[in-house]
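Shown next, in structure tokens, is the structure this report addresses.
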Amino acid sequence: MEFIRATARHLEEVYSLLCELEGEILSKSDFTKIYNANMANENIHYVLPVDGGQVIGFGSIHIQGLLHHCANIGEIQELVIASGRQSDGIGARLFARLKEIAIENDCLLLEVCCNRVRERSHGFYLKQGMAKSHFKFTCGLEAKK
């Protein structure tokens with residue numbers, strides 16, 4: 001298995017994995033627009049674990065300079081392993097690669113936000129050495145289209 005940086009040609013595979021992660025069919029046009037825009041952002045890293053030429057997961061980390069930390073922070077936005085390949089240690093290896101990217105970008109912290117219904121994922125992140133230290137609050141907004 002190897003890790004590669006996702007490119008525009010991986011859009012379909014990443015789209016499929018994120019639909020699986022969210023448990024719904026995401027808007028393909030909106031997904032494509034955001035995926036392509038993020039490809040051009042040097043502070044967003046899309047990483048694919050590949051085994052035998054097959055994409056078996058996806059992870060993204062966003063690097064951001066935050067005033068209240070006076071430093072760069074890496075935030076894992078998505079981490080998903082293809083069904084049938086979960087519990088093979090791939091997630092831990094992908095997490096480690098995303099952490100390396102944070103270190104390479106002089107990040108002070110690595111953060112991840114995880115929906116509270118994903119209890120299995122909570123255990124995974126705790127096993128990776130993360131701590132439950134913050135609360136996240138959200139508020140739905142009506143998007144302008």
**Request:** Verify, without hydrogens or angle tests, whether Q86 (side chain) and I81 (backbone) share a donor-acceptor contact under 3.5 angstrom.
**Result:** yes
**Message:** Tell me whether N105 contacts the main-chain N or O of G74 through its side chain, where contact means a donor paired with an acceptor under 3.5 Å.
**Reply:** no
**Asked** For the hydrophobic clusters of this structure (ILVMFWY residues joined by side-chain heavy atoms under 4.5 Å, transitively), does one cluster hold both V55 and F31?
**Response** yes
**Message:** Donor-acceptor pair, distance only, cut-off 3.5 Å: does the side chain of Y15 make one with the backbone of L26?
**Reply:** yes
**Prompt:** Are V50 and I101 connected, step by step, through hydrophobic side chains (Ile, Leu, Val, Met, Phe, Trp, Tyr) whose heavy atoms are closer than 4.5 Å?
**Reply:** no
**Fill in**
For V47 and P49 the tightest heavy-atom approach is O-CD, 4.0 Å
**Message:** Can you tell me how far apart CD (E20) and CD1 (I25) are? Round to the nearest 0.5 Å.
**Reply:** 10.5 Å
**Item:** Smallest separation among heavy atoms of Y35 and A8, with atom names
**Value:** CE2-CA, 4.1 Å
**Item:** Nearest heavy atoms of A6 and M39, plus distance in Å
**Value:** O-CE, 3.5 Å
**Message:** Please give me the minimum heavy-atom distance between E13 and R9, naming the atom from each residue.
**Reply:** OE1-O, 4.3 Å
**With Q54 via side chain to side chain contact (heavy atoms under 4.5 Å, CB included) - residues at least two apart** = I56
**Contacts of type side chain to side chain contact (heavy atoms under 4.5 Å, CB included), residue S87, not counting sequence neighbours** = R120
**Message:** Rounded to the nearest 0.5 Å, what separates atom CG in L18 from atom CD in E24?
**Reply:** 11.0 Å
**Request:** Only one of I61, I73, I63 passes side-chain contact (heavy atoms from CB on, under 4.5 Å) with C107; say which it is.
**Result:** I63
**Asked** Which pairs count as salt bridge (charged side-chain N to carboxylate O under 4.0 Å, His left out) when at least one residue sits in residues 44-70, sequence neighbours excluded?
**Response** D51-R85
**Asked** Are F3 and I103 connected, step by step, through hydrophobic side chains (Ile, Leu, Val, Met, Phe, Trp, Tyr) whose heavy atoms are closer than 4.5 Å?
**Response** no
**Prompt:** How far does CG of L98 sit from CD1 of I76, to the nearest 0.5 angstrom?
**Reply:** 5.0 Å
**Item:** Straight-line distance of L108 CG to E111 CD, nearest 0.5 Å
**Value:** 9.5 Å
**Prompt:** Which ring-ring contact (aromatic ring centres under 6.0 Å, His included) pairs, counting each pair once, include a residue from residues 50-98, with sequence neighbours left out?
**Reply:** Y46-F58
**Fill in**
A82 meets the side chain to side chain contact (heavy atoms under 4.5 Å, CB included) criterion, sequence neighbours left out, with L17
**Message:** Run the salt bridge (Lys or Arg N to Asp or Glu O under 4.0 Å) test on R97 and E104 for me, step by step, so that the C-alpha distance in whole Å, both residues' side-chain angles and the decisive distance to 0.1 Å come before the verdict.
**Reply:** CA-CA 10 Å; R97 178 62 194 122; E104 292 164 3; 3.3 Å; yes
**Asked** Which of parallel (below 30°), tilted (30 to 60°) and perpendicular (above 60°) describes F137 and F135?
**Response** tilted
**Item:** Between CG on residue N38 and CD1 on residue I34, distance to nearest 0.5 Å
**Value:** 7.0 Å
**Request:** Kindly write out the residues that satisfy side chain to side chain contact (heavy atoms under 4.5 Å, CB included) with C70, not counting sequence neighbours, or none if the list is empty.
**Result:** none
**Asked** Is there a donor-acceptor pair closer than 3.5 Å between any side-chain N or O of S16 and the backbone N or O of E12?
**Response** no
**Prompt:** With the 4.5 Å side-chain cut-off for hydrophobic clustering, are F124 and V112 part of the same group?
**Reply:** yes
**Request:** With rounding to the nearest 0.5 Å, note down the distance linking CG in N41 to CG in N36.
**Result:** 13.0 Å
**Request:** Locate the shortest heavy-atom distance separating H10 from R5; write the atom from each residue and the value.
**Result:** CE1-O, 4.2 Å
**Message:** Testing the basics here: between M130 and L110, what is the closest heavy-atom pair and its distance to 0.1 Å?
**Reply:** CE-O, 3.2 Å
**Request:** Might you confirm whether atom NZ of K33 has over 12 heavy atoms from other residues, nucleotides or ligands at distances under 6.0 Å?
**Result:** no
